[in-house]
Amino acid sequence: MRHNEPVAIEFSERIRRIPVYPAAGGYALPEDVAPLASNESPDPPLPEVLEAARRALAGANRYPDPTSGRLRRALSDRYGVPGARIAIGNGSCDILLAAGEALLEPGAELVYAWPSFSVYPHLAAASGATAVTVGLDAAHRHDLDAMAAEITAATRLVIVCNPNNPTSTALPFADIAAFAERVPRHVALMVDEAYCEFSLLDDPDTTLDLLGRHSNLVLLRTFSKVHGLCGLRVGFALCGSEDFPRAVDQVRQPFFCNVAAQAAAVEALRHQDAVAARVERAIVARVEMESGLNALGIEPADSQANFCWFDLPQSADEGDVVRGLSERGVLVRAGAALGRDGALRVTYGTPAQNARFLDALGAVL
Ligand SMILES: *Cc1c(COP(=O)(O)O)cnc(C)c1O
């Protein structure tokens with residue numbers, strides 16, 4: 001054995017398959033950038049939420065409650081779903097990846113739309129299952145008829161992202177309800193509702209009604225977006241049966257949700273008025289951004305989220321635009337990395353950040 005030769009570690013086959021998610025820039029940049037690349041909330045956590053997290057940290061010499069008991073009770077009270085039908089995660093991505101592990105294997109199939117959330121491709125890559133992707137319609141929305149047509153005897157999981165990331169569009173409740181009727185009982189139907197609070201199409205609680213009718217339904221939600229706690233990593237799933245929470249708990253380490261995250265999430269649920277205020281600000285931003293984009297000759301997709309999605313003018317090069325914006329301190333997400341060349345995804349920030357983005361885009365174009 002010669003020790004002076006560099007020999008690369010041999011990793012598993014799946015490491016070659018799993019896509020690497022491009023990190024948003026800006027973590028090492030000066031304070032005054034406008035970070036509009038990750039669909040975060042521009043508002044800092046509420047003082048009461050920070051205080052709850054701080055108090056919980058005083059007990060950080062103890063492991064967190066592995067059942068997230070207080071949080072599941074608080075979620076159960078808020079959403080009217082029994083605690084045993086609620087899964088908790090280290091962010092909702094943790095539940096997504098665990099669902100892949102619990103449901104998928106070589107020979108199994110997974111159906112989702114594309115472009116959609118960048119984490120979905122990991123599920124098939126990590127498990128060796130087959131991903132069946134279905135294009136969006138001309139208005140950048142899910143084509144549920146086409147998705148239903150892709151369900152086979154091998155399908156284990158269907159994911160509908162509503163509102164959809166990165167395209168910001170949503171389908172109305174009636175479409176989701178009709179689709180749920182068409183998905184066979186033994187196939188898990190996950191509706192990723194990370195942005196549901198921002199949609200004006202329906203009350204975000206409407207889909208809860210479907211849980212009583214469909215034991216295979218999983219509504220994936222998060223504290224990362226409207227609650228503005230993405231740095232703490234806590235998400236949850238409201239489920240039509242106890243089987244799903246049990247299965248995702250089986251494939252994970254027991255202490256996936258830390259003490260500060262659990263306490264902060266419980267406190268955040270007590271402030272539904274703050275949720276409503278954040279939604280209102282996002283909707284004001286939506287109107288401002290839409291009219292600002294229209295003034296530049298750009299027609300964004302019909303946003304029901306806290307971000308917008310649009311094709312750049314034919315003459316503009318996506319790479320040049322993203323670079324030009326970043327030179328002006330505005331960070332956005334390039335469409336190429338998300339499945340559509342020549343498109344941009346831009347999170348709504350503070351009024352000042354939005355104005356800065358619109359000025360910068362005007363200058364770059
Ligand atoms: C942001 C986002 C999530 C939430 O991820 P967390 O892990 O909870 O931070 C889930 N789904 C979609 C589509 C998202 O955009």
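Both counts, for ligands and for their atoms, begin at 1 and track the order of listing. The model shown is predicted, which means the values in this text are computed figures rather than measured ones.
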For ligand 1, is there an N or O atom under 3.5 Å from any N or O atom of Cys230?
-> no

Of the side chain and backbone of Ala194, name the one, both, or neither that has a heavy atom under 4.0 Å from an atom of ligand 1.
-> side chain

Short side-chain donor-acceptor distance under 3.5 Å, Tyr195 and Asn164 = no

Between Tyr195 and ligand 1, which part of the residue brings a heavy atom under 4.0 Å of the ligand: side chain, backbone, both or neither?
-> side chain

Counting only N and O atoms by type, is there a donor-acceptor contact under 3.5 Å from the side chain of Ser38 to the main-chain atoms of Glu40?
-> no

Atoms of ligand 1 less than 4.0 Å from Cys161 heavy atoms?
-> 13 (C)

Would you mind telling me if ligand 1 is within reach of the side chain of Ser92, the backbone, both or neither, using heavy atoms under 4.0 Å?
-> both

Note the single closest protein heavy atom to atom 11 (N) of ligand 1, along with its residue, its atom name and the distance in Å.
-> Asp192 OD2, 2.7 Å

Salt bridge flag under 4.0 Å for residues Arg182 and Asp145 = yes

Under 4.0 Å from a heavy atom of Lys225: give me the atoms of ligand 1 that qualify, with their elements.
-> 1 (C), 2 (C), 3 (C), 4 (C), 14 (C), 15 (O)

Just distances here: any N/O of Asn39 and N/O of ligand 1 closer than 3.5 Å?
-> no

Check the side chains of Thr169 and Asp302 for a donor-acceptor pair under 3.5 angstrom, ignoring hydrogens and angles.
-> no

Ligand 1 to Ser224 polar contact by distance, N or O atoms, under 3.5 Å | yes

With a cut-off of 4.0 Å, which atoms of ligand 1 are near a heavy atom of Asn165?
-> 13 (C), 14 (C), 15 (O)

Are Leu110 and Val132 in one and the same hydrophobic cluster, where Ile, Leu, Val, Met, Phe, Trp and Tyr link if side-chain heavy atoms are under 4.5 Å apart?
-> no

Close approach of Gly235 to ligand 1, heavy atoms, under 4.0 angstrom = no

Distance from atom 7 (O) of ligand 1 to nearest protein heavy atom, with residue and atom | Arg233 NH2, 2.7 Å

Is there a donor-acceptor contact under 3.5 Å from the side chain of Arg345 to the main chain of Ala334?
-> no

Would you tell me whether Asn90 and Arg252 have side-chain atoms, one donor and one acceptor, within less than 3.5 Å of each other?
-> no

Per atom 8 (O) of ligand 1, closest listed option by heavy atom (Thr222, Asn164, Leu232) | Thr222

Between Glu105 and Ser127, is there a donor-acceptor pair closer than 3.5 Å when you use the side chain of the first and the backbone of the second?
-> no

